[in-house]
Q: 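Handing you a structure now.
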Amino acid sequence: MRILGIESSCDETGVALVETAASGASSSRPATLPRLLAHALHSQIEMHQAYGGVVPELASRDHIRRVLPLTTQVLQEAACSLQDVDVVAYTRGPGLAGALLVGSGVACALAAALGKPVLGVHHLEGHLLSPFLSADPPQFPFVALLVSGGHTQLMRVDGVGLYALLGETIDDAAGEAFDKSAKLMGIPYPGGPGLAKLAEQGDPAAYKLPRPLLHSGNFDFSFAGLKTAVLTQSHKLGPAVQQEGSRIRADLAASTQAAIVEVLLKKSMAALKHTGLTRLVVAGGVGANRALRAGLNAACAKAGVRVHYPELHLCTDNGAMIAMAAAMRLDAGRQQAERRYSFDVKPRWPLDSVNY
Ligand code: KG4
Ligand code: ZN
C-alpha cells in the first residue's frame with residue numbers, strides 16, 4: 001500500500017510517499033516497517049525571518065503555493081503517479097488552523113478526486129514515530145522525549161497509538177526557550193540552531209542560569225523563568241550580548257543551552273528509571289541539538305539505555321513522518337483510512353487522545 005503524507009502545520013510544507021508491506025502486525029510489534037519512497041520539503045524560514053517569527057496568514061498562503069509542486073516532485077522521484085496512491089494522509093493537528101486547513105483541504109480534494117480514503121495524523125505522533133525511518137529504528141516499549149517548538153513532553157510509549165503522558169511543560173516549550181533566548185541575543189528566527197552553533201564557542205559555566213523544576217520530583221518542565229533569567233542577564237551584560245563575535249554572547253548562548261539541556265537530560269533519565277524501561281526515543285526539532293545528543297548518549301551509555309533519534313534532516317517538521325505515522329497506524333490496525341472528506345482540523349489536540 002502506498003501512502004502520500006502531507007505536513008503543513010506550521011512553517012514547513014512537507015510531502016512524502018511511503019510504502020507498507022503486507023500487514024499482519026500488532027500495535028506493539030510492527031512486522032516490516034514501512035519504506036520511504038521519496039520526500040520533499042519547503043521551509044518558510046526565510047520568509048518569516050523578516051518578522052522575527054511565524055506569521056500565520058503568510059504561512060497558509062505559502063503552503064498553498066508549495067504543496068502541489070512538492071507532491072508532483074515526490075511522485076516523480078518515486079516513479080509513481082497519483083493513481084498509485086492508496087491513502088492520502090495529512091497533519092490534522094496540532095498547529096496553526098489556517099496552515100492545517102491547506103494540507104487537509106488538498107489531501108481531501110486529491111483523495112476525493114481519486115476515490116481514495118484519507119487519514120488525519122497527529123503531528124506529534126509523526127515526530128514520535130520518525131525514528132522508525134532511521135537506520136537504527138527503536139522497538140517498543142520506550143520512553144519518548146518530544147522536544148519541538150511548541151511541545152516538551154515525556155511519554156511512555158507501549159506501541160503505535162499507546163501513549164501515556166508522564167510529564168510536560170507547564171509554560172514554554174524547550175524549542176521556545178531556545179528561540180526566545182536567541183531573539184534576545186539578536187540571533188535570527190528560528191534561533192535554536194543559531195544559538196546552538198554559537199554555544200559551541202562559549203563556556204557553558206560562564207553564567208549561572210536556573211534549571212527550572214529540576215528537583216520537582218515529577219516529569220513536568222517549565223522554561224518561562226529561564227527566558228526571564230536570560231533577559232535579566234542580557235541587561236546586565238549590555239550591548240555585547242548582541243555583538244557578533246563577542247565572547248560574552250557565545251558564553252551566554254552556551255550557558256543557556258546548558259541549562260535547557262541539563263533539565264531535559266535529567267528528567268529523561270528520571271523517567272527511564274521510574275518506568276524501568278531501557279529505551280529512549282528523542283524526537284522533534286530540539287532533538288537535532290548536538291549538546292543534547294552528546295549528553296543523552298553519555299548518560300544512556302552509563303545507565304545501559306539504548307537511545308534512538310530521527311535522522312538529523314527528519315528532526316524538524318517534514319512529510320515523511322506524517323506518511324510514516326499513517327502507515328504504522330494502518331499496519332497496526334489502530335485506525336482505518338476513510339472516504340470521509342470533511343477536512344476537519346484540530347489546532348489543539350493532546351497526543352494521548354489518539355489512543356483509539
Ligand atoms: O519540531 P519542530 O520542527 O517544529 C515544531 O513542531 O514545533 O521544532 C522546531 C524547534 C524550533 O524551536 C527550533 O529552534 C528548534 O526546534 N531547533 C533546535 C535545533 N534545531 C531546531 N533547537 C536547538 N538546537 C538545534 N540544533
Ligand atoms: Zn513539529
Side-chain angles (χ1 to χ4, degrees), residues 5-14 16 41-45 48-49 52-54 56 59 63 90-96 99-100 103 121-131 144-153 168-169 172-185 187-200 202 204 221 223 226-227 230 253-254 256-265 281-296 309-322 324-325 347-349 351:
I6 299 175
E7 155 64 29
S8 70
S9 66
C10 189
D11 58 352
E12 257 113 18
T13 323
L41 189 70
H42 175 78
S43 169
Q44 304 177 351
I45 281 176
H48 296 295
Q49 238 160 20
V54 177
H63 287 308
Y90 61 93
T91 307
R92 190 176 174 205
L96 302 168
L100 289 166
V121 172
H122 195 292
H123 179 82
L124 291 181
E125 188 173 27
H127 278 302
L128 188 75
L129 299 176
S130 63
L145 172 67
L146 272 177
V147 271
S148 70
H151 295 82
T152 301
Q153 298 185 330
E168 65 182 332
T169 184
D172 288 355
E176 237 173 320
F178 268 106
D179 294 345
K180 287 179 176 172
S181 304
K183 202 170 187 178
L184 295 171
M185 293 178 225
I187 299 167
Y189 168 85
L195 188 148
K197 195 154 179 274
L198 197 59
E200 284 174 16
F221 302 87
F223 290 107
L226 175 63
K227 173 199 63 196
V230 174
T256 305
Q257 175 174 269
I260 299 169
V261 165
E262 186 180 342
V263 179
L264 294 176
L265 196 152
V281 160
V282 184
V286 182
N289 186 272
R290 286 167 70 165
L292 177 65
R293 286 188 177 212
L296 284 172
Y309 306 93
E311 302 288 339
L312 263 183
H313 70 285
L314 297 179
C315 273
T316 43
D317 295 348
N318 63 81
M321 68 184 198
I322 299 305
M324 184 68 174
R348 287 172 172 275
W349 191 13
L351 178 56

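Numbering of ligands and ligand atoms starts at 1, following listing order. Worth knowing before you read on, the calculation uses all heavy atoms, side chains too, and leaves out hydrogens, waters and symmetry mates.
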Q: Might you point out which heavy atoms bring Ala173 and Gly149 nearest each other, and give the distance in Å?
A: CB-O, 3.6 Å

Q: Gly202 and Ala254: which non-hydrogen atoms are nearest, and at how many Å?
A: C-CB, 3.5 Å

Q: Which heavy atom of Val286 sits nearest to which heavy atom of Leu292, and what is that distance?
A: O-CD2, 3.8 Å

Q: Phe178 versus ligand 1: do any nitrogen or oxygen atoms come within less than 3.5 Å of each other?
A: no

Q: Tell me, which protein N/O/S atoms are under 2.8 Å away from the Zn ion (ligand 2)?
A: His123 NE2, His127 NE2, Asp317 OD1

Q: Taking only heavy atoms of Gly175 into account, list the atoms of ligand 1 that are under 4.0 Å away from them.
A: 12 (O)

Q: Shortest non-hydrogen contact from Ala16 to Gly319?
A: CB-C, 3.5 Å

Q: Quick one: does Lys197 get within less than 4.0 Å of ligand 1, heavy atoms only?
A: no

Q: Non-hydrogen atoms of Gly150 versus ligand 1: any pair closer than 4.0 Å?
A: yes

Q: Going by distance only, is there an N or O of Arg290 that falls short of 3.5 Å from an N or O of ligand 1?
A: no

Q: What about Gly285: any of its N or O atoms under 3.5 Å from an N or O on ligand 1?
A: yes

Q: Looking at every non-hydrogen atom in both residues, tell me the closest pair between Phe178 and Asn289 and how far apart they are.
A: CZ-ND2, 3.6 Å

